[in-house]
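Okay, so here's the structure we're looking at.
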Amino acid sequence: MQGGSGFNAVPPAFDKSRVLDVKPLRSLRPIFPNANEAPPFLCPSPSGPFPPGYSPFYPFSMPPPSEPPEVNQPEEPPTWTPPAAPAPIRAFRTPEMANGDVDQSGKEAGPSNSKKRSSSRTRGSTSSQKKEKGRKFHLNPAITANYVVPVSQAQREDGSRYVVDLVLITFDGLRRRLSQLEDAKEVPSGLARRSDLRAANILMTKGFRTNMRKRIGVVPGVEVGDIFFFRMELCMVGLHSQSMGGIDWIGGKGSLDEEPLAVSIVSSGYYDDDAEDKDILIYSGQGGAMTRDKPVGDQKLERGNLALERSMRRANEVRVIRGIRDVANPNAKIYVYDGLYVIQESWVEKGKSGANTFKYKFVRVPGQPEAFAVWKSIEKWKENISSRPGLILPDLTSGVETIAVSLVNDFDDEKGPAYFTYCSTPKYSKSFAIVQSSYGCGCRKGCAAGDLNCACIRKNSGDLPYTTSGVLVSRKPLVYECGPSCPCGPNCKIRVSRSGLKVRLEVFKTKDRGWGLRSYDPIRAGAFICEYAGEVIDKDRLKKKLQEGDNDEYIFDSSRSYEPFKWNYEPGLLGEEGTNGASEDPDIPSPVIMTAKDFGNVARFMNHSCNPNVFWQPVIYEENNESFVHIAFFAVRHIPLMTELTYDYGTLPQEGDNGFNLRKKKCLCGTSECRDYFVL
DNA sequence: GAAGTCTCACTGAA
DNA sequence: CTTCAGTGAGACTT
């Protein structure tokens, strides 16, 4: 969940005041999606440059996928070895990696020559076993002892963008897996379905967390505008370490001269917090609320309230996290980190129930990128799209999609991208059916997780690939969805990518990369975004096009090389043996090549990035007795609204492959792992 | 150790 | 069918 373009060292894409400050680079011709000929130094990249301390997320070295494994080779032992450490690509300053065993004091259990996983095996695990007391969740210590947490002691104390990303992605991967297991178990429902608590518990007891040192002000690696879907996520990255409490503070223990000072608050709108002005927050103190054992009472100047009072006197900066109701999932909340505030005044007020309540007026420290304010603007645009500045078209799909996609240019005069015909699904010109006679499931009432009688679930190796909330659990070589011949209804959980757009998207003019795609809605990790639609062509046709000098910049080609990356949960964290069925890398019977130059959907506007926030996943389902592979896009991490969506265009295996050099373009993604060029 | 907490997912009534 | 209040187990902190 990085801000993508929302890195704060630099104006995020949505910071319009800053955008307007930029002198128009009129020399750039409207080439899209990328202007490759701009001199590199002229590159005020839209999303970069990034803070020097930022290191990229994909930490794990994996063999390049140039040799895809045989399609059916079940007897092959797991080929993927869990990462021993955040390996070569990025060297941490502290070479020694934390061991999985963390003793009670949170210190490393010993000197770490235990870089190799196997070497930690002999270590006694008594201390960690002692700790397991009272834990509902049973880890297999024999196996988990082998797992080396890729977070060093130093990183545990003080984070960075890299570690924050790593922690959050690991957390959510684990949480999705736990959620998947819960779904399948048919728990009597009601209680205990707290995959968030369990995932956080597993990671935190292992020391897989960061920024444990509490601090006032900026938390390294967390940026204004970042979003979270669980309170535990805030704890794990050190933004706010109370799992429920709204006020977090330091000091105030024992000695009188050490005053408690607030470090952060979470505003959930539970009390009557006033949010009239975007930069002002009226926050209620804690306590006095009615509980099971206690009636409503006056709030007291103690604990968090005292810390807020002292912070006001000292005028120290307090981080503010705003809880916002998730429109997509009304019983959940999204937490937006809105940056630093100072407390300007406080007073006591009679609350609804007549009890005294403390009130604090928080004022936002100027000069920070907009975060919550953007949410407010977008609410208005969504109500009335014509109020969106720079709007060219309210719906460029002309109603083809069930949700409108707006076309906006608030950057220059260009009136829109080159002409194309919008279509929401791929066009197969001749038979590209992959699997002969396919068969669906027989579930009449929708496919239920854990039902191994469901043929579609069996095809997905026994797991329902999506959680109840519809997010993809793990990347897989191929995901099988239900098709038209399955009797399960449209609400079946295995029909995610077929059901069309879920978020409100905008095609917008970027500063130097032509047109791009972003969302008015926040997107959570693993959520489906869109599929790639275009004309499906074969390799020969592509070759011919390129030889004829066709300047087609809208090619999707699954046979390119893609940077491998780790996204799935780590089985070792669950005490599972092996790799839970292996590769994350796409593996499809024959390559899928599409051109979206003349026919296509929103996906054709997604730009390339070497550190993308979106990945593609092949999905197969049957239509008219034939099965077709579709290319579905999912979010790598939580993506704040108005952050540009990007994926990795991949590279061709060999220099000199036909058309390669022609189509090699200077990359402007601006991320620190930029490969300097990409292939159109 | 105990108490405190602006949780989260679910339930059932309106 | 949505919205709302009510419920309980829960995990982190001081």
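Letters A, B, ... are given to chains in the order of the sequence lines, protein chains preceding strands, and every chain is numbered from 1. Scope of the values below: all heavy atoms of this structure, side chains included, with no hydrogens, waters or symmetry mates.
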Any side-chain N or O of [X] under 4.0 Å from OP1/OP2 of [N]?
{"X": "A:K333", "N": "B:dC8", "result": "no"}
{"X": "A:N331", "N": "B:dA9", "result": "no"}
{"X": "A:Y360", "N": "B:dC6", "result": "no"}
{"X": "A:K300", "N": "B:dG4", "result": "no"}

Q. Any idea which of B:dG4, C:dC12, B:dC8 is nearest the A:R303 side chain?
A.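 The answer is B:dG4, which lies nearest to the side chain.
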Q: Give the nucleotide from the list B:dC6, C:dT14, C:dC12 with an atom nearest to the side chain of A:M232.
A: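 Taking heavy atoms from C-beta onward, the closest nucleotide is C:dC12.
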**Q.** Involving DNA chain C, stems made of at least three consecutive Watson-Crick or G-U pairs, both distances under 3.5 Å
**A.**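 Only these stems qualify: B:2-5 with C:11-14, B:7-14 with C:2-9.
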Q) C:dT14 base stacked by A:W249? Criteria: ring centres under 5.5 Å, plane angle under 30°. A)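 Here the ring of A:W249 and the base of C:dT14 are not stacked, as the 5.5 Å and 30° limits are not both satisfied.
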Q) Is a donor-acceptor pair below 3.5 Å formed from side chain A:R194 to base B:dT7, judging by atom type as modelled? A)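 Side chain to base: pair present.
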**Q.** For DNA chain C, the residues among residues 234-245 of chain A that have a non-hydrogen atom under 4.0 Å from it
**A.**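 Those residues whose heavy atoms fall under 4.0 Å from DNA chain C, taken from residues 234-245 of chain A in numerical order, are A:S241, A:Q242, A:S243, A:M244.
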Q. A:F362 vs A:Y283 aromatic rings, parallel, tilted or perpendicular, using cut-offs 30° and 60°?
A.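 Answer is perpendicular, since the angle exceeds 60°.
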**Q.** SB check A:D338 A:R322 (cutoff 4.0 Å)
**A.**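 Result for this pair is yes, salt bridge flagged.
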